[in-house]
Amino acid sequence: MTPKRMTRRDWMQLLGASGLAAGIGAVGNRSQAWADPVQRKDAPKGVKVVGRDHAPARIVGGKVIQPERELVLLHETDVLVVGGGPAGVVAALAAKRAGAKVTLVERYGHLGGLWTGGLVLIVIGHIVSGKKQVCQGIGEEMMRRLEKLDRGIVNRKPGVNPTVDAEALKYVMVEMIMEADLDVFLHCWGVDAIMDGNKVCGAVFESKSGRQAILAKTVVDATGDGDVFAAAGAEHERRKYHAGLVHRIGNLDRVGKDAGQLDKRLLGSITPVPGVNWVNMHGPDIDALDVAQLTDIELNARRLIWKNVETVRKTPGYEDVYLMETAPQLGVRISRVLAGLHTLTMNDVMANKTFPDVVAVGGAWSGDHQEWQIPYGALVPKDVDNILAAGRCISGERFMSDLIRVIPNCFITGHAAGVAAALAAKDGCLVRNVEVPKVQKVLREQEAYLG
Amino acid sequence: MDQKPHKLKRRIRTVVRCAAFAVCIVLLLAPLPWPQAAFTVPASSPFVGVAASLAARSLGAAALVCTPVLVLALFQRRCFCRWACPVGLMTELAGRISPVSARRCRPIPRLGLWLALLSLSAAAVGYPLFLWLDPLAIFSGTLGSAFNPGSAATQASVGVLAGILLLSFVLPGAWCLKLCPLGASQDLLAAPRIWLRRRKDADSTATNDELIAEPMSRRSLLTTAVGATCAVAGVPLGLAAGTRDGNEKATLLRPPGAAEEWQFGQLCIRCGNCVRSCPSNIITTRWQFDSWSAWLAPEIAFESDYCREDCFTCMQVCPSGALRAPLSAPKPSIGLAQVLMDRCLLALGRECRTMCLTSCPYEAITLHEWTWEDDRRYPIVASEKCPGCGACQVACTPMDAIVVRPDTRG
């Protein structure tokens with residue numbers, strides 16, 4: 001006989017009990033638990049688990065079948081932001097400031113996504129000709145906070161692309177999130193959309209706590225890969241692009257003045273921390289939604305990085321340089337791109353096209369052209385309701401990839417999506433029907449630049 | 001004796017001259033939907049038409065445009081000068097207000113005839129010498145200042161025209177009668193008829209006329225010989241001067257369809273038509289001296305725009321064949337894009353928008369494929385596809401890591 005199937009109530013009780021036990025354990029262990037074997041004996045015993053919380057996948061007729069099951073409802077919220085990168089964090093903060101109840105979920109243990117975990121430390125794309133910075137709002141607020149920290153940001157001058165410190169920025173984001181009193185779930189990977197007809201009304205998450213659901217009035221997909229809108233069935237494009245693994249090297253301040261010649265590529269660019277450089281990797285063109293290719297890059301990139309750092313170390317004068325870290329997060333530049341109500345085109349950018357529903361203004365990589373407007377339609381899926389894209393996966397043609405994927409564009413589109421999602425939740429309307437002038441007003445109040 | 005018809009004729013002539021002047025201005029300032037209109041003004045000079053056709057060994061549209069003037073000159077000496085030349089009108093006005101008598105210029109030798117003969121005979125060996133002294137070219141160049149005041153050739157034209165007017169004020173008639181190579185070439189054209197008439201009528205008082213050409217004199221033959229010699233000597237001179245390195249290839253970017261560098265500097269009459277008519281505004285002239293023969297000749301400078309793939313305007317407006325449109329596509333090339341590896345962000349391992357790649361209308365740029373064994377990534381220019389249009393150079397800002405250089409291949 002199979003063990004007695006657990007009821008939902010049993011499961012919740014179990015969960016509660018184990019949580020309580022863990023809590024007590026944590027309190028009890030806080031001081032010097034690991035140093036004192038006697039204390040350790042007093043640690044609470046584990047909770048015995050019999051059976052399982054859900055029916056596992058089974059082989060049925062040679063196929064692996066996942067049985068239908070009810071999911072644990074983890075949480076209910078107004079605005080659910082999936083992904084805690086620059087787009088997601090800014091979206092969550094903006095939605096909260098616009099008066100919504102906000103929940104932010106992130107798959108890693110830190111915030112900042114590629115900006116911190118991917119070591120994409122240089123901020124490119126917020127300045128236009130005339131040294132004017134057009135990407136403002138909460139992203140700019142983060143950079144201002146970094147300025148106040150020692151070694152938080154470098155090259156922060158008008159018309160120059162600054163470089164941030166990953167750890168400082170992770171800290172700043174945590175501070176801002178905690179000040180805003182948001183509901184945050186880390187180590188939580190958004191895997192599915194929850195649909196009510198054509199309307200997205202939440203998302204499903206996989207974590208150490210199992211598969212759980214969060215219900216929301218509106219959802220912001222800031223996953224970068226567009227995982228949630230894709231699961232919801234929104235039309236999108238899959239793009240192949242080069243992806244690589246960034247690393248940091250240290251002890252460059254110990255390099256002598258008469259050091260040998262070296263390929264500049266291997267030394268990378270400065271960071272706010274003296275003697276530490278970040279080194280970019282272009283990498284091969286991959287489909288970043290294919291786990292085999294992702295694995296292949298991770299494996300080969302580490303070998304290549306080690307080899308390149310060894311080359312540096314073997315160069316006279318560079319003996320003390322060492323590999324400080326490889327990025328915890330693979331540098332995927334672009335993968336899924338939404339087919340939105342409006343698709344951004346390079347022609348629009350070059351023609352300085354303006355939109356009545358502008359919700360963000362993008363800049364140039366090196367101040368070499370004018371600002372360009374991002375209409376609300378670029379965040380809204382054509383065919384699915386109540387979900388907004390933010391970050392690199394917003395709707396744009398292929399040539400726009402490089403302007404869309406940069407950090408400032410992520411935080412400005414995140415800002416717009418957060419405010420719009422909050423207002424839609426507040427007004428009880430679909431995100432596509434939200435009053436854009438109202439969104440623009442709130443964005444301006446939150447110091448976003450809309451031209 | 002018969003004063004009345006004479007007066008009437010003069011009035012009609014004044015009206016026609018003013019009208020011609022106005023037409024020239026309209027054609028050159030091009031308020032017309034036809035940008036090629038500017039072509040017609042300098043192209044109507046038979047001096048330019050004949051010399052350039054001779055030098056380039058081909059008959060172009062310019063030869064066609066100048067034919068009516070040429071034919072008229074055969075029968076009616078200096079008809080063009082009297083009825084249509086815009087510079088002629090201006091110099092005459094300068095002469096009218098001058099207190100100096102027109103007779104003062106009589107002792108001046110007829111240098112224009114020398115210039116014309118020298119140029120024509122030099123053109124026979126492919127190297128016309130004084131085309132830039134053509135009054136229609138100078139007039140065209142001057143009006144170019146309305147569009148390109150910064151162009152050196154335009155400034156030079158303004159200076160030369162001012163000089164001509166000053167000369168005409170100080171010594172009325174000196175330019176038109178003694179110096180102008182276009183006037184002199186009309187004299188040459190009319191010479192056979194006059195010679196025939198003179199043979200028929202040996203008593204003609206015309207022999208005493210200062211204005212009549214004596215092309216068959218010993219002096220003229222000597223001039224022709226000297227001109228041809230100069231031209232023969234000028235070809236290697238131009239070759240050496242036209243290229244800074246001394247090799248036979250250009251070191252400067254010329255507009256598309258440009259003649260070989262050794263010939264280009266002299267075929268070009270500096271009329272400024274290409275500079276003025278370029279819709280991308282990338283043709284320029286500089287005061288900087290690179291060579292005698294090609295001084296103030298047009299160059300390409302990619303600053304904010306590139307040479308459009310479907311545009312043939314500069315070649316169509318060139319009256320002298322210095323720039324020549326091909327009979328069929330493809331468009332002639334300007335140079336070849338070259339990647340500066342020490343400036344290219346991609347080659348330095350940095351993030352780059354690869355605008356060179358996306359901006360190239362000819363899909364001539366690809367990226368070096370990134371592999372785990374060779375982890376460099378940089379743009380590669382397919383030389384067989386790249387016409388040097390400059391789109392990549394304009395797009396690569398502010399690194400300027402890709403530049404168009406003269407194609408030095410064979």
Side-chain angles (χ1 to χ4, degrees), chain A residues 120-125 127 129 159-161 163 241-247 263-269 277-286 296-297 299-305 307-308 311 331 333 346 349-350 364-369 397-407, chain B residues 279-282 302-310 339-380 389-403:
Chain A
V120 183
L121 304 179
I122 188 159
V123 181
I124 294 176
I127 295 163
S129 36
V160 182
N161 294 327
T163 301
Y241 215 74
H242 50 288
L245 195 65
V246 183
H247 67 278
D263 188 348
K264 280 184 191 164
R265 230 162 22 99
L266 303 181
L267 292 178
S269 319
N277 273 14
W278 70 279
V279 187
N280 194 20
M281 183 193 287
H282 282 111
D285 283 346
I286 61 154
D296 183 65
I297 285 202
L299 297 180
N300 282 300
R302 273 164 222 289
R303 292 167 100 177
L304 178 68
I305 290 169
K307 191 188 92 188
N308 284 349
T311 309
R333 290 180 176 85
M346 205 50 152
V349 172
M350 289 306 163
W365 271 42
S366 40
D368 52 325
H369 58 80
E397 64 169 3
R398 197 171 62 88
F399 286 150
M400 285 299 292
S401 295
D402 284 321
L403 276 182
I404 286 175
R405 71 186 170 88
V406 288
I407 299 294
Chain B
S280 303
N281 236 332
I282 53 169
F302 298 112
E303 262 160 30
S304 57
D305 211 341
Y306 72 100
C307 183
R308 302 284 166 169
E309 47 276 35
D310 54 353
V339 182
L340 308 178
M341 296 293 268
D342 55 338
R343 297 184 66 91
C344 174
L345 285 176
L346 266 192
L348 294 172
R350 314 262 285 274
E351 282 297 288
C352 180
R353 280 175 66 197
T354 58
M355 287 303 288
C356 55
L357 196 79
T358 46
S359 65
C360 179
Y362 303 91
E363 295 181 358
I365 302 179
T366 50
L367 292 186
H368 172 75
E369 201 187 334
W370 197 98
T371 62
W372 295 109
E373 289 72 37
D374 182 1
D375 60 331
R376 289 171 306 155
R377 206 174 173 100
Y378 53 87
I380 300 170
C389 75
C392 53
Q393 181 173 340
V394 175
C396 182
T397 47
M399 292 311 293
D400 302 322
I402 188 161
V403 289

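Order of the sequence lines fixes the chain letters, A, B, ..., with proteins taken first and strands second; residue numbering starts at 1 for each chain. The shown structure was predicted, so the numbers you read here are calculated from the model rather than taken from an experiment.
For A:Arg405, the part lying under 4.5 angstrom from a heavy atom of chain B is the side chain only. Proximity to chain A (any heavy atom under 4.5 Å) is shown, for B:Arg353, by both the backbone and the side chain. Neither the backbone nor the side chain of A:Ala364 comes within contact range of chain B; no heavy atoms are under 4.5 Å apart. Proximity to chain A is absent for every atom of B:Leu357, based on heavy atoms less than 4.5 angstrom apart. When heavy atoms are compared at a cutoff of 4.5 Å, A:Arg398 does not approach chain B at all.
Heavy-atom minimum distance, B:Val339 versus B:Cys344: CG1-CB, 4.1 Å. Across all their heavy atoms, A:Arg333 and A:Met281 have their closest contact at NH2-O, 2.9 Å.
With A:Asn308 contributing its side chain and A:Leu266 its backbone, the two residues share no donor-acceptor pair below 3.5 Å.
Shown are B:Thr366, B:Leu367, B:Thr354; of these, the side-chain contact (heavy atoms from CB on, under 4.5 Å) with B:Pro379 is made only by B:Leu367.
Partners of A:Trp365 under the ring pair (Phe, Tyr, Trp, His ring centres under 6.0 Å) rule, at least two apart in sequence or in another chain, do not exist in this structure. Listed by chain and number, the residues in a side chain to side chain donor-acceptor pair (under 3.5 Å) with A:Asn280 are B:Glu351 (sequence neighbours excluded).
The candidate with the highest count of non-hydrogen atom pairs below 4.5 Å against chain B, out of A:Val406, A:Asp402, A:Asn300, A:Leu304, is A:Asn300. Between chain B and the residues A:Gly283, A:Ser269, A:Gly244, the largest count of heavy-atom pairs under 4.5 Å involves A:Gly283. The residue among A:Asp263, A:Ile122, A:Leu403 with the most heavy atom pairs within less than 4.5 Å of chain B is A:Leu403.
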